[in-house]
Each structure stands twice: as C-alpha cells, then as structure tokens.
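Sequence lines set the chain letters: A, B, ... in the order given, protein chains first and strands last, and positions in each chain run from 1.
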Number of protein chains: 2
Amino acid sequence: MTVNKSDREAQPHRQTASAEILAIALAQFATAGFAGTSLQQIADAAGYSKSSVLYHFTSKDALLEAAIGPAVDRLEHVLGGVARLRESSEARELFVEEFIDFLFEYRLEVHTFINQGQSLVGIPVIDRANAVLGRLAATFAADSTTVEEKLRFGVALGGAAYELVASMNFGDQELAHDERRSALITIVSELLAPIQTRPLTA
Amino acid sequence: MTVNKSDREAQPHRQTASAEILAIALAQFATAGFAGTSLQQIADAAGYSKSSVLYHFTSKDALLEAAIGPAVDRLEHVLGGVARLRESSEARELFVEEFIDFLFEYRLEVHTFINQGQSLVGIPVIDRANAVLGRLAATFAADSTTVEEKLRFGVALGGAAYELVASMNFGDQELAHDERRSALITIVSELLAPIQTRPLTA
DNA sequence: ACGCTAACTGACCGATCGGTCAGAACCTGA
DNA sequence: TCAGGTTCTGACCGATCGGTCAGTTAGCGT
C-alpha cells in the first residue's frame, strides 16, 4: 500500500524533520546555551544523525537564525507600537498586553537572545535582536530624566523574561497560562506606570 | 637586592596570579557563558598559558567553584534574614537593601548562576546555588495564595540581576553606583510590597 | 521498470576542547 | 653556591567540536 503525504501530517508529534530539529535545537539553545549545545546533542535528541541536521540547516549559525529569527521579526513589529505608550493609558495597557503575549509565545527565543545576546555578537540574527532591544530601551530612556525610570524598563524586561523560563524549576510548576498572563500584565504595568504618567516633553 | 613580598602586593593591577586568572574567568563566564568560555581564552586574556591556569585551579569546574562559590556563601547568609520580611516594614526595607547590596557586590557571580544554573546542574557549586535560590523562592511562595505574588519575586530577582549586568550595553553607560542602588531598592521594594503587607498566616 | 530528486547517513577532516606530565625558570633560605 | 620548593610552560593525549562529501535509501512521476 502506498502511503500518502497526509500520513505524515496526521501524526501530531511527527512533523517535518526540519520543524522537529528546529524545536529541539531551540529548547537546547535556551536552556544549555548556544555554545553549550553541540550539533551532536541536537541530532541525538531529535533522532537523526548530525549530518541530517546539517542537511536541513546549512550551519549551526543558520540553525540559530531559523530558531530565533521569527521572534526577532515579531519583536520588531511589536516595537512599532511602542509610540502608543505615551498616548493614553488604554493604549498603553494594550501595548503591555501585546508585549506580554509576545513574551509568552516566544519565551524560549526571547530567553535565548536576552541572556546570550552579548556573547553571540557577530551572528547576524543576534545583532538584529540586540539592535531591536537597544531601540526599545532607548525609547524608554529617551527623555527619562531619572535613573529610576531607565531602570524600570530593564527590570520589567529582564524580570518577565526570566520568570517565563528560568524560574519554573523551584516548584513553581506549570501554572495556568491565563493566570500567569494577567498577573504578569499587572506587574509589568505597575512597573512601567511612572514612565507613562508623565506627558510627552521635549 | 632582594625583593620583599610587599613588592607584589604594592602593584594594584598585578595581584597574585590566582586572583588575576579568577577575575578574568569570572568575567568571561558571566558574559560568554561557562560552556562558551575555553581555558585557552581565559589563559590568553590573563597573559598566562593554559597549563598555568590548570596549575592554579585543578579543573575548569574548580575554577567555576572558586569564581562563584563566595557569592553562594554570601547568598546563603543573606537568606538567613529573609524571615524578617514579615516582621515590620523597617525590617523588610533592611532586607531588601541588604539583598540589593549583595547583587551589586556579586553581580557577575549572580548573573552567572542565575542564567546558567539550569544548564550546569551536576557541578556542586551550581547545585548549591540552585538549592539556595529554590529555598529563597519557596520562602516567598510559601503561603502566597495568588499566582501574582509568586511571580513578583521572580520578576524582582530576574529583573534586578538582568539590569545589573546585561542591560548596560544599550547606551545605559555606567551610571552612578549610589543612584542605581537607591533606584533599584525603590523598584524592588515596590515589587515586593504586596507580599509583605499580608500578615503571617497558617 | 526506470530515472530523478529529496532525505538521510557514515566516514572523515582540521581545529579545538579539557586535562596530564615532565621539565624549565625562578625565588628563597641555608 | 647550592638544594628545594613554587610557579610556569610546551608537548602531548583522547575526545569532541563544526563542517564536508560521497554514497545509500526511499518515494514519485513516467
């Protein structure tokens, strides 16, 4: 009997090889670090040979690019809405929600380039991520006169990213998604509140 | 003429070889990651041979132990005062200050075991660090009924740690230490405020 | 049945990894 | 001056790194 193509797609956890390898690689990069993850480890975890991994992705760098590239794209898009921060408190609330949702959707990717962005400079996709983060930080720090206001953004970003990935090993367990989402929105909104309050000045 | 021992100590940036290597290794571990830093890199940066590094420190693991061990010790000590959190608001303020000062003093060490604690399990000093962080988190989450309260601690810890090390690459520059310290104290206190308010129950 | 192409693999490459070891270089007290 | 200890190093080890390549396997249109 011939096996039609839908047979592959029918199996939920047996996607295309590329997607499979990519997902595993991303998880490894986020937890063990890019430098700390070998192609052999990824291949073993995915059930393929190292050669297969390099067949689907030209190089280890290309694998990283494919893994976090979409997240950087999305972040660039989210950044477009940052101007709304100073408009109204409703618009600001909307931006924070959008940002938190972004963090949830790309938690592994964000954790990867947040915590390894400094050591991986030179890899194009990382440089792109650093540039976006820099612009984001600059927007917040733009006309913040006090140190505190500048720090608030950093704490919110680093804190949220850390909480989404690194913390869950201290008995946190996997809490309900919705509950975590709304709690994070509350916390981050509270953190950024003093920045939003002040009207836009030269 | 014979050179007495004080001659060595007299030169400020030419401390003992061990201390020199240790400082450079720590900086590399924090920024490039433990796995991403080779003994050769450390040796080159310190101006010694790889063999010399391994003469002063038995192994790469031992180098990590020596680098972040003291910080873990100090954190264990700081943890002793966590009980004061619920006593009075003055005592709580004192604890937060002590904690922030700890973060400042051991910023590189903390950043290392916060962000790489998961990937380096098995190395004794890392396991120790994870255990302490787990106890710290458990103390905060102990009788917190809401998800939000549990998240607040994680955001504060991860946020402060991130801000102290990773952020300063986006034009943050090196702001005045005192200013950063008091700003962080304000922010972290604000973050943890809702937890402290509730009296000790159960 | 055939040939084409995509998917996949083992063997192999030079470079680098962490680590060992014998010895060179150096300082110091006798 | 010389023995003894500390500090430091180059040569070397097996293992693993990222990456190349020739070749095998399998599915599909004709």
Side-chain angles (χ1 to χ4, degrees), chain A residues 1-11 14-26 28-29 32-67 116 119-120 122-126, chain B residues 1-11 14-26 28-29 32-67 116 119-120 122-126:
Chain A
M1 63 173 84
T2 36
V3 187
N4 63 2
K5 195 170 64 176
S6 65
D7 179 54
R8 231 201 191 128
E9 299 161 359
Q11 304 185 22
R14 243 295 179 178
Q15 335 169 328
T16 67
S18 291
E20 223 176 333
I21 292 170
L22 199 58
I24 288 175
L26 174 60
Q28 300 264 54
F29 289 160
F34 181 72
T37 304
S38 69
L39 293 175
Q40 190 65 242
Q41 290 173 22
I42 296 171
D44 291 347
Y48 291 97
S49 70
K50 190 179 70 172
S51 299
S52 271
V53 174
L54 285 165
Y55 166 76
H56 289 286
F57 303 92
T58 319
S59 67
K60 198 186 179 189
D61 284 10
L63 189 48
L64 179 66
E65 156 73 46
Q116 304 177 56
S119 61
L120 302 179
I123 301 176
V125 70
I126 292 290
Chain B
M1 64 171 80
T2 37
V3 186
N4 63 3
K5 194 169 62 177
S6 64
D7 178 54
R8 246 222 173 109
E9 298 161 0
Q11 304 186 19
R14 242 295 177 178
Q15 333 167 330
T16 67
S18 292
E20 224 176 331
I21 293 170
L22 197 59
I24 287 174
L26 173 60
Q28 299 266 54
F29 290 160
F34 180 72
T37 304
S38 70
L39 292 175
Q40 191 66 247
Q41 289 173 24
I42 296 171
D44 291 346
Y48 290 96
S49 70
K50 191 179 70 171
S51 300
S52 271
V53 174
L54 284 166
Y55 165 76
H56 289 286
F57 303 93
T58 317
S59 67
K60 199 185 179 188
D61 284 10
L63 190 47
L64 180 66
E65 156 75 45
Q116 305 178 54
S119 62
L120 301 180
I123 301 176
V125 70
I126 292 291

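Between the B/Q116 side chain and the A/G33 main chain, no donor and acceptor come within less than 3.5 Å of each other.
Regarding contacts with the backbone of C/dC8, a side-chain N or O of A/H56 is found under 4.0 angstrom from either OP1 or OP2.
Taken from CG in B/L39 to CG in B/L63, the straight-line distance is 7.0 Å, to the nearest 0.5 Å.
Taking every heavy atom of both residues into account, A/A17 and A/H56 meet most closely at CB-NE2, 3.6 Å. Residues B/A46 and B/E20 come closest through the heavy atom pair O-OE2, 4.2 Å.
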Footprint string (nucleotides 9-21 of chain D, 5' to 3'): B base within contact, S backbone only, - free, heavy atoms under 4.0 Å: BBB-----SBBB-
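Residues A/I24 and A/Q28 meet the side-chain proximity criterion, which asks for heavy atoms closer than 4.5 Å.
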